[in-house]
Asker: 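I have a structure I would like to understand better, so I am pasting it below and will then ask my questions one at a time.
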Amino acid sequence: MDRPTVLIKGLSKKIGSRLIIDNVSFEVPKGEVFGFLGPNGAGKTTTIRMMVGLMKPTDGDVWIEGKSIRHEFEQAIRHVGAIVENPEMYKYLSGYKNLVHYARMVPGVSIERIDEVVRLVGLEQRIHDKVKSYSLGMRQRLGVAQALLQKPTLLILDEPTNGLDPAGIRELRDYLRTLAREEGISIVVSSHLLAEMELMCDRVGVIQKGRLIDVRLIGEFVAEGEKERYLFRVGTPERAAEVLTRLGVSLKQTEAGLEVDAGQEQAADINEQLVKAGIRVHGISPVKKSLEDKFLEMTGGETLA
Ligand SMILES: Nc1ncnc2c1ncn2[C@@H]1O[C@H](COP(=O)(O)OP(=O)(O)OP(=O)(O)O)[C@@H](O)[C@H]1O
Ligand SMILES: [Mg+2]
């Protein structure tokens, strides 16, 4: 397999006596959009800060294009474009002038590249307007344009959809996907919003209390949800619930009927038992578990902000 764009091994951070990041490891291959998902305070920003060298790890390391962020910082960071906190922009200058200003500080960025990134983030129409006249979404896009100037192979965005409306989120999502597909850029994007991750990412890593508790392809979350639960519509729900509880089936009674944790085969068995007990079964259908259900299940129902 090709070398991953970013490889993280055993990354930990201790502040005082608190272990804030606990032995986090994952990798992101070329062209993948990787979602870093977790509730407030889980450790997303801290991990990202260590990935871009803004904070020194207590343990472990991050390799970007094979270069260690701890030991070969210059060579590693050269490949990274990142927005960690809100990017600083000069509000009274145009978006274009902001980019020119920034480009002066980065070696090897041509004027043509500025035009290119403006086109990539779709800001052509407004790039000569002052930044103070931009919407939040446009400022985000300008931030991404700035991060793209030096042709990074890895783009890291900490909660880029914060404060965006649904249309803004969709736009961001579309151009991030385009960047990954057409430019082969790997993208790490953090969020505490599940539905968003589902639409934006190829793979998602779930972080909770500083630990990476699961990494899955987005399709796996969804597929797993589909096969795990069935809804039974029955004539006498109370009695059916009694029968199933006696059989040790875990269930939830909803207005629609009885939801049981079961695979396809088990659902067929349950149906048989219900019929045997003289209960009329009107319908059986798989319940699609959303990524949100899945996430809450994994994090033990911890609420999200
Ligand atoms: N400099 C610091 N000193 C002490 N504690 C810190 C420091 N930075 C972060 N923390 C703690 O580390 C934990 C993780 O914080 P972090 O900002 O990484 O979470 P997050 O996942 O980005 O959350 P959010 O969704 O709110 O942005 C929190 O409990 C936070 O209080
Ligand atoms: Mg954060």
Side-chain angles (χ1 to χ4, degrees), residues 26 32-42 44 161 164-167 169-170 172-174 177 189-209 211-305:
F26 66 91
E32 181 180 82
V33 184
F34 182 88
F36 207 33
L37 175 66
N40 290 142
K44 303 179 293 293
T161 55
L164 297 188
D165 64 12
I169 292 173
R170 190 171 328 131
L172 177 80
R173 180 189 84 207
D174 289 347
R177 293 219 63 105
V189 53
S190 80
S191 175
H192 58 275
L193 298 173
L194 314 153
E196 231 175 79
M197 297 262 102
E198 197 168 0
L199 296 168
M200 205 152 52
C201 305
D202 301 307
R203 232 160 29 112
V204 167
V206 178
I207 183 166
Q208 191 202 15
K209 296 190 179 128
R211 287 212 192 121
L212 194 65
I213 57 171
D214 203 0
V215 179
R216 299 279 182 92
L217 286 171
I218 203 79
E220 285 175 12
F221 276 106
V222 179
E224 197 172 293
E226 272 166 359
K227 63 173 195 257
E228 271 183 351
R229 233 146 106 195
Y230 279 85
L231 174 74
F232 282 77
R233 286 186 298 109
V234 294
T236 45
E238 303 297 337
R239 271 203 52 222
E242 258 176 52
V243 172
L244 294 182
T245 306
R246 227 181 302 130
L247 290 168
V249 175
S250 91
L251 60 87
K252 191 170 90 186
Q253 205 165 333
T254 70
E255 261 172 50
L258 298 176
E259 265 183 37
V260 302
D261 288 330
Q264 192 176 302
E265 289 306 312
Q266 252 182 310
D269 292 342
I270 288 169
N271 180 46
E272 199 179 323
Q273 295 297 332
L274 289 173
V275 172
K276 264 192 196 157
I279 290 159
R280 294 186 69 79
V281 177
H282 301 303
I284 308 171
S285 46
V287 180
K288 193 179 168 193
K289 227 187 278 183
S290 69
L291 189 55
E292 177 133 18
D293 293 337
K294 181 77 194 149
F295 179 79
L296 289 174
E297 200 176 277
M298 279 192 298
T299 57
E302 185 149 309
T303 50
L304 301 175

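Excluded from the calculations below are hydrogen atoms, water molecules and symmetry mates; all remaining heavy atoms, backbone and side chain alike, are included.
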Asker: Run the side chain to side chain contact (heavy atoms under 4.5 Å, CB included) test against Ala268 and tell me which residues pass, sequence neighbours left out.
Answerer: none
Asker: Working to the nearest 0.5 Å, report the span between CG of Asn271 and OH of Tyr230.
Answerer: 11.5 Å
Asker: Could you point out which residue of Arg229, Gln266, Lys252 forms a side-chain contact (heavy atoms from CB on, under 4.5 Å) with Asp261?
Answerer: Arg229
Asker: Cys201 and Ile218: which non-hydrogen atoms are nearest, and at how many Å?
Answerer: O-CG2, 3.5 Å
Asker: Can you tell me how far CG of Leu212 sits from CG of Leu37, rounded to the nearest 0.5 angstrom?
Answerer: 10.5 Å
Asker: Between Arg177 and Val33 (side chain of the first, backbone of the second, donor and acceptor by atom type, cut-off under 3.5 Å), is there such a pair?
Answerer: no
Asker: Within the structure provided, determine whether Gln264 and Ile284 are in side-chain contact (heavy-atom separation under 4.5 Å).
Answerer: no
Asker: Within the 4.5 Å heavy-atom criterion, are Met197 and Phe36 side-chain neighbours or not?
Answerer: no
Asker: To check you understand the geometry: which heavy-atom pair defines the closest contact between Leu258 and Ala241, and what is its length?
Answerer: CD1-N, 3.8 Å
Asker: For the atom pair CD1 (Ile169) and CD (Glu196), what is the distance rounded to the nearest 0.5 Å?
Answerer: 4.5 Å
Asker: Report yes if the side chains of Thr254 and Leu231 come closer than 4.5 Å at any heavy-atom pair, otherwise no.
Answerer: yes
Asker: What distance do Arg173 atom CZ and Thr161 atom OG1 have between them, rounded to the nearest 0.5 Å?
Answerer: 11.5 Å
Asker: Just wondering, do Arg216 and Val204 contact through their side chains at under 4.5 Å, heavy atoms?
Answerer: no
Asker: Within this structure, what is the CG-CD1 distance for the pair Leu244 and Ile279, rounded to the nearest 0.5 Å?
Answerer: 7.0 Å
Asker: Any donor-acceptor pair under 3.5 Å linking the side chain of Arg233 with the backbone of Ala256?
Answerer: no
Asker: Backbone N or O of Pro39 within a donor-acceptor pair of the Lys44 side chain at under 3.5 Å?
Answerer: yes
Asker: I need the Arg280 CZ to Arg239 CZ distance, nearest 0.5 Å.
Answerer: 12.5 Å
